[in-house]
Amino acid sequence: MTENAGSDSFVDLLINGVKVRAESHMTIVEAAWAGGVPRVTGVGCLEGMCGSCRILLRRGSAVSVALACETFAEDGIEALFLPAPSAARHQYELTDFKDGWDIQARFQEIFPEAERCRHCHGCVQSCPKGIKVEEGVALAAAGRFREAGEAFIECVMCELCDNACPEQIAPAHVGLFSRRITAFFHLRPPNLIHRLEELRQEPFSATDEKESS
Amino acid sequence: MKRGLSLQAALAAYRADSEPAPPPELIDPDALLTAYHPDYLRDGIATLAVGPNTDAHCPRELADLLQAEAYIDEVDLAGVEVTDTDVLVIGGGGAGCAAALAAAERGARVLLATKMRLGDSNTVMAEGGIQAAIEPDDSVQQHLQDTLRAGHHAGDPALVAALVGDGPEVIRWLIRQGMQFDQTASGDLHTRRAGGISAPRIVHCRDYTGLEMMRVLREAVTQHRGIEVWSQAPAVELLSNESGRKCVGAVLGSLDGQKLRIVRARSVILATGGIGRLHLHGFPTSNHLGATGDGLVLAYRMGAKLCDLDSFQYHPTGLVNPPYLSGKLVTEGVRAAGALLLNAEGRRFIDELQPRDVVSAAIIRECREGRGIHPETGGVGVWLDTARLERGQPGLIEQQFPKLLARSRIAGIDPRRDPVLVYPTLHYQNGGAVIDVDGATTVAGLYAAGEVAGGIHGHNRIMGNALLEIISFGRRAGFAAALAEHDRGPKKVTLEHVNQARRALTLAGLPLTRRAPQMLPAYTAPGKDIWKA
Ligand SMILES: Cc1cc2nc3c(=O)[nH]c(=O)nc-3n(C[C@H](O)[C@H](O)[C@H](O)COP(=O)(O)OP(=O)(O)OC[C@H]3O[C@@H](n4cnc5c(N)ncnc54)[C@H](O)[C@@H]3O)c2cc1C
Ligand code: SF4
Ligand code: SF4
């Protein structure tokens with residue numbers, strides 16, 4: 001196990017405009033708490049899975065986005081907690097899909113912008129999870145939903161890529177659509193189906209509530 | 001506690017190619033539990049003096065909240081905006097989303113109010129998977145027996161029968177919502193074993209099962225035309241009818257201001273999750289920031305009976321360092337795949353796949369008796385030998401546990417090269433609000449589903465049953481709440497139950513200074529709380 005914590009050197013940074021002195025092994029979330037920064041409400045799981053603690057980071061003239069629970073305090077940087085993403089504009093319910101043959105046509109209706117990707121890499125550069133967002137969008141636009149969805153397996157739905165996209169493609173939702181549609185139409189596991197059929201013929205009833213063995 | 005080895009010394013002594021002998025046979029698990037499991041720490045236990053569970057024991061941190069005063073009073077409700085709905089769901093994790101979708105399926109108008117962003121929850125972090133008896137050499141009956149046995153036969157057999165019977169259908173429902181699961185080459189769902197279960201039964205999506213479930217359910221809920229979602233709208237109090245005995249709605253606050261809103265509903269479903277952030281007995285936790293037991297407090301004040309409040313799950317393998325990840329989980333799947341637990345002397349001390357309470361107690365014993373490993377950053381732990389696992393099955397960690405790797409990378413740790421230091425972490429609330437098979441609590445109009453509810457897991461939960469429970473019982477509660485009879489006549493909403501609870505506190509001589517629910521843990525600089533009523 002590598003030690004990277006434990007040193008108690010201090011760093012000075014700015015969080016939501018508030019000057020904060022923090023220990024260098026602290027994350028931006030911990031630093032915000034320690035510094036008493038008010039109104040930091042977008043913090044959830046503290047392990048990079050819920051995608052809520054979105055921040056804008058300024059290091060000198062370089063600006064980037066990140067998740068605050070996975071970003072460490074550094075001297076001289078500025079962090080700004082971003083508001084939660086606004087509601088998605090794309091409306092669909094899977095149960096409205098009658099047939100797997102017209103998925104691509106429906107996809108184009110729901111996400112008409114997906115074909116207009118201008119390969120600016122904005123989404124890729126903003127993704128804190130290193131997801132090949134742009135490739136994923138291209139795969140979905142080409143109707144290759146299984147592969148597209150696979151690209152988004154580690155997506156935490158922080159929607160930072162959606163914010164970055166100049167074409168308003170909503171790449172995160174394209175990815176999620178691709179995953180969902182794949183499961184909805186193609187996941188038909190024999191072992192599950194067999195057990196469901198057995199239970200349909202003979203519903204489970206726990207007659208013997210004591211342990212039989 | 002006797003001091004063991006320093007981290008450096010233990011690392012220097014560690015050999016990934018050593019061949020540790022099998023662990024000593026565990027002769028008396030009950031004695032091990034009584035001596036070392038945190039549930040048996042007498043000092044931190046209080047006896048409840050008011051409410052439906054008077055005389056029951058529970059950890060002091062929880063008792064303080066169950067016996068606290070409400071934030072609001074009738075005067076606070078004057079002029080507050082009122083919204084009407086059929087079903088109010090409180091909590092936006094897996095149970096809340098499943099309940100909302102089920103109620104909407106039955107045609108109810110649904111309002112889902114949640115404390116943080118929809119999906120900020122324990123659900124999103126679940127790694128290992130979800131149980132369903134689907135393999136040919138498995139059966140629903142076996143699932144029933146495993147669950148009851150692991151819970152030390154304290155679970156309610158009727159609830160457990162409902163849970164396990166729903167298993168296969170729950171997986172089908174999740175697939176219909178668009179959730180993916182790992183498959184074998186022949187297209188079957190891939191199943192894993194885990195501690196305390198008699199057949200491979202855990203289906204999963206890599207080690208991202210909860211993430212996959214939560215993003216799919218969040219999308220299903222937000223896309224559903226019949227469900228309205230209010231984020232950052234924590235429930236501050238429930239509302240009762242004039243007798244104080246029936247739940248008729250809730251008062252919602254907001255995280256970023258002082259605004260209150262009243263919601264009147266035919267039925268209310270509590271799906272607020274667990275209590276990890278109360279740090280019972282000072283333990284670190286695997287839970288998300290909002291896991292402060294709010295639902296228990298709200299339900300109890302309204303007179304709902306709770307159960308097994310003295311039983312919590314401490315997951316054996318919480319991370320010890322780096323400090324910012326302290327208490328965060330390494331999934332049990334890693335042990336199920338064959339990783340060993342080793343003490344500072346490099347010895348095995350427990351069969352790694354014993355039930356979680358037993359393994360946790362054994363780790364605490366090793367550390368207390370001077371066979372633990374102490375990093376400079378504080379804390380103590382034992383090795384989870386991921387490096388040996390990787391050596392035996394190269395590539396396995398990357399393939400099956402990408403989340404473990406991704407998180408370690410950021411922390412500067414490589415579990416493929418070095419073992420990982422672990423110690424038990426407060427993980428799960430085994431008990432909760434007493435419910436029936438429809439998720440109905442003992443208070444009319446009030447339902448509970450998910451971790452906030454009790455009665456299923458007895459005194460110990462096996463991996464994968466919580467994710468099953470939140471969908472199975474989330475949907476049961478959603479259906480029942482949507483179909484519930486509703487009162488005719490004027491809808492009067494009161495805080496009569498709060499008045500009654502206050503009288504009881506005064507009669508018992510308890511102070512009215514403390515207020516609950518807690519909403520968020522007090523991690524901030526003094527006087528700068530994130531949440532303040
Ligand atoms: C790290 C980790 C790994 C796990 N792994 C597994 C696993 O592999 N398999 C398994 O079966 N189980 C696992 N569990 C357990 C399982 O994930 C949880 O028990 C389950 O997801 C709880 O779901 P829930 O919907 O009841 O609660 P949660 O998912 O926690 O959701 C509760 C919701 O209620 C909201 N809330 C809280 N208070 C209020 C309030 N006052 N007002 C409004 N909203 C409120 C919260 O913000 C949250 O959105 C794991 C748990 C953790 C923490
Ligand atoms: S793909 Fe988009 S939403 Fe998903 S993690 Fe990356 S930036 Fe966040
Ligand atoms: S940000 Fe949008 S336009 Fe740019 S590469 Fe990504 S998907 Fe294409």
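On a predicted model such as this, the values are computed, not experimentally measured, just so you know. Quick note on labels: first sequence line is chain A, next is B, and so on, each numbered from 1.
Most heavy-atom pairs under 4.5 Å with chain B: of the set A:G42, A:G130, A:G44, this distinction falls to A:G44. Top candidate by heavy-atom pairs under 4.5 Å with chain B, chosen from A:M26, A:H186, A:K129, A:H173, is A:H173. Heavy-atom pairs under 4.5 Å with chain A peak, among B:D120, B:L329, B:V229, at B:D120. The choice from A:L46, A:I153, A:T95 that makes the most heavy-atom pairs within less than 4.5 Å of chain B is A:I153.
Looking at B:S186, only its backbone comes within 4.5 Å of chain A, counting heavy atoms on both sides. For A:F152, the part lying under 4.5 angstrom from a heavy atom of chain B is the backbone only. Looking at B:L189, both its backbone and its side chain come within 4.5 Å of chain A, counting heavy atoms on both sides. Of the two parts of B:P415, neither the backbone nor the side chain holds a non-hydrogen atom closer than 4.5 Å to a non-hydrogen atom of chain A. Contact annotation for A:T27: only side-chain heavy atoms (C-beta onward) come within less than 4.5 Å of a heavy atom of chain B. With a threshold of 4.5 angstrom between heavy atoms, B:R215 approaches chain A through its backbone and through its side chain. Both the backbone and the side chain of A:C155 come within less than 4.5 Å of a heavy atom in chain B. Residue contact with chain A, scored on non-hydrogen atoms closer than 4.5 Å, is absent for B:Y14. With a 4.5 Å cut-off on non-hydrogen atoms, B:L325 touches chain A through its side chain but not through its backbone. Both the backbone and the side chain of B:E219 come within less than 4.5 Å of a heavy atom in chain A. Contacts of A:L187 with chain B are made by both backbone and side-chain atoms, with heavy-atom separations under 4.5 Å. Heavy atoms of B:A387 lying under 4.5 Å from chain A are absent altogether. Heavy-atom distances place no part of B:A132 under 4.5 Å from chain A, backbone and side chain included. Neither the backbone nor the side chain of B:R409 comes within less than 4.5 Å of any heavy atom in chain A. With a 4.5 Å cut-off on non-hydrogen atoms, A:P203 does not touch chain B at all. For B:R218, the part lying under 4.5 angstrom from a heavy atom of chain A is the side chain only. Only the side chain of B:Q183 has a heavy atom closer than 4.5 Å to any heavy atom of chain A. Interface remark: B:Y208 contributes side-chain atoms only to the contact with chain A (heavy atom separation under 4.5 Å). Looking at A:V156, the atoms closer than 4.5 Å to chain B (heavy atoms on both sides) sit in the backbone and in the side chain alike. Proximity to chain B (any heavy atom under 4.5 Å) is restricted, for A:R195, to the side chain, taken from C-beta onward.
In this structure, the side chains of B:K403 and A:M49 come closer than 4.5 Å at one or more pairs of heavy atoms. With a 4.5 Å cut-off on side-chain heavy atoms, A:R179 and B:C205 count as touching. Counting heavy atoms from C-beta outward, B:I171 and A:P189 have side chains that stay 4.5 Å or more apart.
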For A:V43 and B:L520, what are the C-alpha separation, side-chain angles and deciding distance, and is it a side chain to side chain contact (heavy atoms under 4.5 Å, CB included)?
CA-CA 11 Å; A:V43 176; B:L520 287 170; over 6 Å; no
Kindly determine whether B:M116 and A:T41 satisfy side chain to side chain contact (heavy atoms under 4.5 Å, CB included), including the steps that lead there.
CA-CA 8 Å; B:M116 299 142 124; A:T41 54; over 6 Å; no
Evaluate the criterion side chain to side chain contact (heavy atoms under 4.5 Å, CB included) for residue pair A:L94 and B:R176; output intermediate values, then yes/no.
CA-CA 8 Å; A:L94 288 183; B:R176 282 189 61 81; over 6 Å; no
Report the C-alpha separation of B:Q141 and A:F204 in whole Å, then their side-chain angles, then the decisive distance to 0.1 Å, and conclude whether the side chain to side chain contact (heavy atoms under 4.5 Å, CB included) test is met.
CA-CA 8 Å; B:Q141 182 70 24; A:F204 172 65; 3.6 Å; yes
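Of all heavy-atom pairs between B:G187 and A:P190, the closest is O-CD, 3.4 Å. Minimum interatomic distance between A:E93 and B:Q223 (heavy atoms only, all atoms of both residues): OE2-O, 3.3 Å.
Within a 6.0 Å sphere centred on CZ of A:R106, heavy atoms belonging to other residues, nucleotides or ligands number more than 12. The neighbour count for A:H194 NE2, taken as heavy atoms of other residues, nucleotides or ligands under 6.0 Å away, does not exceed 12. Within a 6.0 Å sphere centred on CD of A:E202, heavy atoms belonging to other residues, nucleotides or ligands number 12 at most.
For the atom pair SG (A:C45) and CG (B:N287), the distance works out to 11.5 Å, reported to the nearest 0.5 Å. The CD atom of B:E212 lies 7.5 Å from the CG atom of A:L176; values are rounded to the nearest 0.5 Å. Atoms CG and CE, on B:L211 and A:M157 in that order, are 10.0 Å from each other to the nearest 0.5 Å. From B:D166, atom CG reaches atom CG of A:L199 across 10.5 Å, with rounding to the nearest 0.5 Å. For the atom pair CD (A:E47) and NZ (B:K328), the distance works out to 4.0 Å, reported to the nearest 0.5 Å. If you take SG on A:C50 and CG on B:N122, they are separated by 11.0 Å, rounding to the nearest 0.5 Å.
Distance alone, capped at 3.5 Å, places no donor-acceptor pair between the A:N191 side chain and the B:I134 backbone. Without hydrogens or angle criteria, B:R117 side chain to A:A84 main chain gives no donor-acceptor distance under 3.5 Å.
Under 4.0 Å is where a charged nitrogen must lie from a carboxylate oxygen, and between A:E154 and B:R206 no such pair does.
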